[in-house]
Amino acid sequence: MKTRYRNRAEMAADTTTLTTDCLFARTRVQVCDALRSVVPGLPEEVVQRVDLTPTRDPSHGDMATNAAMLAAKPARRKPADIAAELVAKLSELPEIAKAEAAGPGFVNLTLRPEVLQGVAVSVLKAGERYGRSTMGQGTRVNVEYVSANPTGPMHVGHCRGAVVGDALANLLEAAGSPVTREYYINDAGTQVVALTWATYWRYLQAIGTEISADDFSPLTPNGLQYQGEYLIPVADSIAEKHGRALADAEGGPADPSVWFETVRREALTQMMAAIREDLEALGISHEVFASEAETLASGRVDAAIAKLDSKGLLYEGVLEPPKGKMPEDWEARPQTLFRSTEFGDDQDRALRKSDGTNTYFANDIGYHAQKAENADVLIDVLGADHGGYVSRMRAAISALTDGKTGFEVVMCQIVRVVKNGEPVKMSKRAGTFVTLRDLLDEVGRDAVRFTMLTRKADAQMEFDLDAVVAQTRDNPVFYVQYAHARCRSVLRSAETMFGAESVTPEALCSADLTNLSSDVELAVLRRLAAFPRSVEAAATAREPHRIATYCIDLASDFHALWNRGREDTTLRFLHENDRATSLAKLALVSAIAGTLRCALTILGVVPVEEMR
RNA sequence: GGACCUGUAGCUCAGCUGGAUAGAGCGUUGCCCUCCGAAGGCAAAGGUCACGCGUUCGAAUCGCGUCAGGUCCA
């Protein structure tokens, strides 16, 4: 496993060259240098824990560091004393207007205004690359997400994992990791057999045979499991292509050897095509669609099992009966077990059933081994219902790769869909489940994506259909989009006022920014400065929702600034008779719009130019 | 019975990997349009961070236990 930083400090201390063009990262290096000279011989692992954070309270300056408090114990000195010496050292730096010790040992730093003003220029120069980092260089990441069974169209239950996985992939890419987006098609299991039978039933109807679900069900291996109408067009196209050739002379069910493989392939192809369309509508495209059947055929599953065996990790045994509620049909059965308990699992796990066929787990091991051939870290984005699967998979990957390949799971908890204050009931059986397409049609792609990303993945969330289309402050999608649209609106007005060529990002880079000195303007600049830091932190934590939170915060700063211009005309962006001042303000506005675009792009949300 | 996730304002949720007086939105109560888009902003009120013990300079955050909700267990 390649380097995985436990925290930002470690990440930043790990390298002498900065991974991102970030004011915080640069200043932190200076703080660390100062600390080393104030406390000679301080162990590096202590220095690495030094953190430099934005302050919550502007009266504490622009940034605060915990350096003195961290060093106090190893240096056997009082935090306040170290802080005082740090203050003296840091005050000498040209970038720092004021350094002061405060509270239990913080050192608060106030930057010279031109340093903060320079942030706007950095943003404009970086353009769409603002916030990008090289932190992940050398760590190839495979993110597997969605992987919905190809047995029907996507429904809202798949949506959160899809959006989170996609945003996470974008985020890790922004943080410098080469990312593979992957979808695992479970096309070798019993569900696909069931799908095939269900499609065949619809096929018989398509060629004019009258056969009810109740009549057909007993003919199938496991009953008729899918009766959805979405199979009708699939069956129609099969009927069109093959006529009555797949049925017997009377149009009734023929022997499976006649039709099964044909129908299976056709159903799978069309289901996957439908899913890809759904994904496309969500703005998602995977680089790899991996087939379980192909992985099996490639021999990788057998190879993985053989490898575990060669390490002495397999044995024939009988699992303990489940504690508590005992399934009625439970019986002790000897089967091939993997010693996952040696890797932290709470129970050994079966790789082969008593009849000798592979379990799902066995196939999944082979598949993960396949992914590990081209990645250093595997991330599975899973629904909460797969929680029990994590520790056994981690055990298997650890065993197979000798711990070289990282395995992480981002677990997405349930989304409750609410409309008019009432939960929307979903039942696949009753056919009342909401498809992804329905949801997109109702609220729109960007609203779905952004809203799903405003909460951390491992917390349950409520998705209020009314709220996400509301054009009000309590709808964060709208709020953020509105901020961007307002920026663009100002810039459009500026173009007519000063000429388009004067307000391009390149032209605005050379504006004199010294008049950006009010508290609200400096607050926005501080926020812009924190973006690269947020990207690295979000990537390290595998938490794309932090980028959504950042968007909301920046939008809030901007709306506040906008409204302050009502009472204080010097804060307005456009001053017809004062070109120099206007260009400074416009540089800030352009930097805000640019940063919002960078952030929204990570989330896969399209920034809008105007609201209608 | 066990595993994983969650518990923060009346409601929906943030809280930047242990830091200063715990923050938003909605709802409630007041303000702010002659003015770049008021689809916004400002302010007030609202908290035993589920509970208990522990770790330490310092805990919503880390550990253990209890309770509650969710997901799962060949």
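In what follows, chains are A, B, ... by sequence order, proteins preceding strands, each numbered from 1. Note that the structure is a prediction, hence the values are computed from the model and not measured.
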Query raised in the report: Between A:Tyr482 and A:Phe478, what is the ring plane arrangement, given parallel below 30°, perpendicular above 60°, and tilted in between?
Result: parallel
Requested in this report: Could you please name the partner base of B:rG58, counting Watson-Crick and G-U wobble pairs only when both distances are under 3.5 Å?
Outcome: none
Requested in this report: Take atom P in B:rA50 and the same atom in B:rU12, then report the distance between them in whole Å.
Outcome: 15 Å
Query raised in the report: Can you name the closest pair of heavy atoms from A:Gly383 and A:Met411 and give their distance?
Result: O-SD, 3.7 Å
Query raised in the report: Counting only side-chain N and O atoms of A:His386, is one of them less than 4.0 Å from OP1 or OP2 of B:rA3?
Result: no
Query raised in the report: Taking the same atom, C1', in B:rC36 and in B:rA24, what whole-Å distance lies between them?
Result: 27 Å
**Report entry** side-chain N/O A:Arg486 vs B:rA38 OP1/OP2, d < 4.0 Å
**Finding:** yes
Report task. Assign A:Ala102 to base, sugar-phosphate, or nothing according to its heavy-atom contacts below 4.0 angstrom with the strands shown. Result -> base
Query raised in the report: With respect to the side chain of A:Leu574, which nucleotide from B:rG41, B:rC36, B:rC26 is positioned closest?
Result: B:rC36
Query raised in the report: What is the base-pairing partner of B:rA3, counting Watson-Crick and G-U wobble geometry with both distances under 3.5 Å?
Result: B:rU71
Query raised in the report: Would you say the base of B:rA20 and the side-chain of A:Asn108 have a donor-acceptor pair closer than 3.5 Å?
Result: yes
Query raised in the report: Would you say the side-chain atoms of A:Thr451 pair up with the backbone N or O of A:Val448, donor to acceptor, closer than 3.5 Å?
Result: no
Query raised in the report: Do the side chain of A:Asp464 and the main chain of A:Asp466 share a donor and acceptor less than 3.5 angstrom apart?
Result: yes
Report task. Please state the P separation for the pair B:rG63 and B:rC16 - nearest whole angstrom. Result -> 15 Å
**Report entry** Value in whole Å for how far the P atom of B:rG70 lies from CE of A:Met461
**Finding:** 19 Å
Requested in this report: Please check if the distance between the ring centroids of A:Phe558 and A:His484 is under 6.0 Å.
Outcome: no
Query raised in the report: OP1 or OP2 of B:rC16 sitting under 4.0 Å from any side-chain N/O of A:Arg533?
Result: no
Query raised in the report: What is the distance, rounded to the nearest whole Å, between atom CZ of A:Arg56 and atom C1' of B:rG23?
Result: 8 Å
Requested in this report: Sticking with atom P, work out how far B:rG1 lies from B:rG18, rounded to a whole angstrom.
Outcome: 34 Å
**Report entry** Pairing partner of B:rU66 (Watson-Crick or G-U wobble, both distances under 3.5 Å)
**Finding:** B:rA50
Query - side-chain N/O A:Lys73 vs B:rU56 OP1/OP2, d < 4.0 Å - result: no
Query - Presence of salt bridge, A:Arg455 and A:Asp458, under 4.0 angstrom - result: no
**Report entry** B:rC42 pairs with, by Watson-Crick or G-U criteria that keep both distances under 3.5 Å
**Finding:** B:rG30
**Report entry** Between C1' of B:rG18 and CE of A:Met69, the distance in whole Å
**Finding:** 10 Å
Report task. Just call it for A:Met411: base, sugar-phosphate, or nothing, with non-hydrogen atoms closer than 4.0 Å on any strand. Result -> sugar-phosphate
Query raised in the report: Which residue, A:Pro79 or A:Pro54, contacts RNA chain B at a nucleotide closer to its 5' end, judged by nearest heavy atom?
Result: A:Pro54
Query - Salt-bridge criterion met for A:Arg492 and A:Glu495 (N-O under 4.0 Å) - result: no
Report summary line: Between CG of A:Asp557 and C1' of B:rC42 the distance, given in whole Å, is 15 Å
Query raised in the report: Below 4.0 angstrom, N of the basic side chain to O of the carboxylate: do A:Arg542 and A:Glu408 qualify?
Result: yes
Query raised in the report: Choosing from B:rG41, B:rC16, B:rA74, which nucleotide comes nearest the side chain of A:Arg546?
Result: B:rC16
Report summary line: Answer for the Watson-Crick or wobble partner of B:rA14, both distances under 3.5 Å, is none
Query raised in the report: When you measure from the side chain of A:Asp346, which nucleotide among B:rC72, B:rA3, B:rC13 comes out closest?
Result: B:rA3
Query raised in the report: Could you state the CD-P distance from A:Gln413 to B:rC5, rounded to the nearest angstrom?
Result: 9 Å
Query raised in the report: Base, sugar-phosphate, or nothing: which does A:Tyr479 touch, judged by heavy atoms less than 4.0 Å apart?
Result: sugar-phosphate
Query - d(CD, A:Glu543; P, B:rA14) in whole Å - result: 10 Å
Query raised in the report: Under 4.0 angstrom, heavy atoms only, what part of the nucleic acid is A:Ala64 near: base, sugar-phosphate, or nothing?
Result: base
Query - Contact nearer the 5' end of RNA chain B, comparing A:Asn66 with A:Gly383 - result: A:Asn66
Report task. Return the nearest nucleotide to the side chain of A:Gln460; candidates are B:rC13, B:rU6, B:rG70. Result -> B:rG70
Query raised in the report: On a plain distance test, is the side chain of A:Asn563 in donor-acceptor contact with the base of B:rG40 below 3.5 Å?
Result: yes
Query raised in the report: Should A:Lys585 be listed as having a side-chain N or O under 4.0 Å from OP1 or OP2 of B:rC36?
Result: no
**Report entry** Among B:rA74, B:rC36, B:rA14, the one nearest A:Thr549 by side-chain distance
**Finding:** B:rA14
Query - Proximal nucleotide (of B:rU12, B:rC5, B:rU71) relative to the A:Ala384 side chain - result: B:rU71
Query raised in the report: Expressed in whole Å, how much space separates the P atoms belonging to B:rA45 and B:rU8?
Result: 23 Å
Query raised in the report: Base, sugar-phosphate alone, or nothing: which one does A:Lys456 contact when heavy atoms must sit under 4.0 Å apart?
Result: sugar-phosphate
Requested in this report: For B:rA59 and B:rA22, measure between their P atoms and round to the nearest Å.
Outcome: 13 Å
Query raised in the report: Under a 4.0 Å N-O cut-off, is there an ion pair linking A:Glu521 with A:Arg564?
Result: no
Report summary line: Heavy-atom closest pair (A:Arg392 atom, A:Asp345 atom, distance to 0.1 Å) is CB-OD2, 3.3 Å
Report task. Could you check how far CG of A:Asp553 sits from P of B:rG25, rounded to whole Å? Result -> 11 Å
Requested in this report: May I ask you to verify if any side-chain N or O of A:Arg473 is less than 4.0 angstrom from the OP1 or OP2 atom of B:rG41?
Outcome: yes
Query raised in the report: Taking OH from A:Tyr550 and P from B:rA24, how many angstroms apart are they, rounded to a whole number?
Result: 18 Å
Query raised in the report: Between B:rC16, B:rC4, B:rC26, which nucleotide gets closest to the side-chain atoms of A:Ala537?
Result: B:rC16
Query raised in the report: Do A:His60 and the base of B:rA20 stack face to face, with centres under 5.5 Å apart and an angle between planes under 30°?
Result: yes
Query raised in the report: Looking at B:rA14, B:rC36, B:rA20, which one has an atom nearest to any side-chain atom of A:Arg455?
Result: B:rA14
Report task. Could you tell me which nucleotide pairs with B:rA22 by Watson-Crick or G-U wobble geometry, both distances under 3.5 Å, or answer none if nothing does? Result -> none
**Report entry** Separation between the C1' atoms of B:rU56 and B:rC5, rounded to whole Å
**Finding:** 28 Å
Query raised in the report: When you check the phosphate oxygens OP1 and OP2 of B:rG41, does a side-chain N or O of A:Tyr482 lie under 4.0 Å from one of them?
Result: no
Query raised in the report: How far does the P atom of B:rC49 sit from the matching atom of B:rC31, given to the nearest Å?
Result: 34 Å
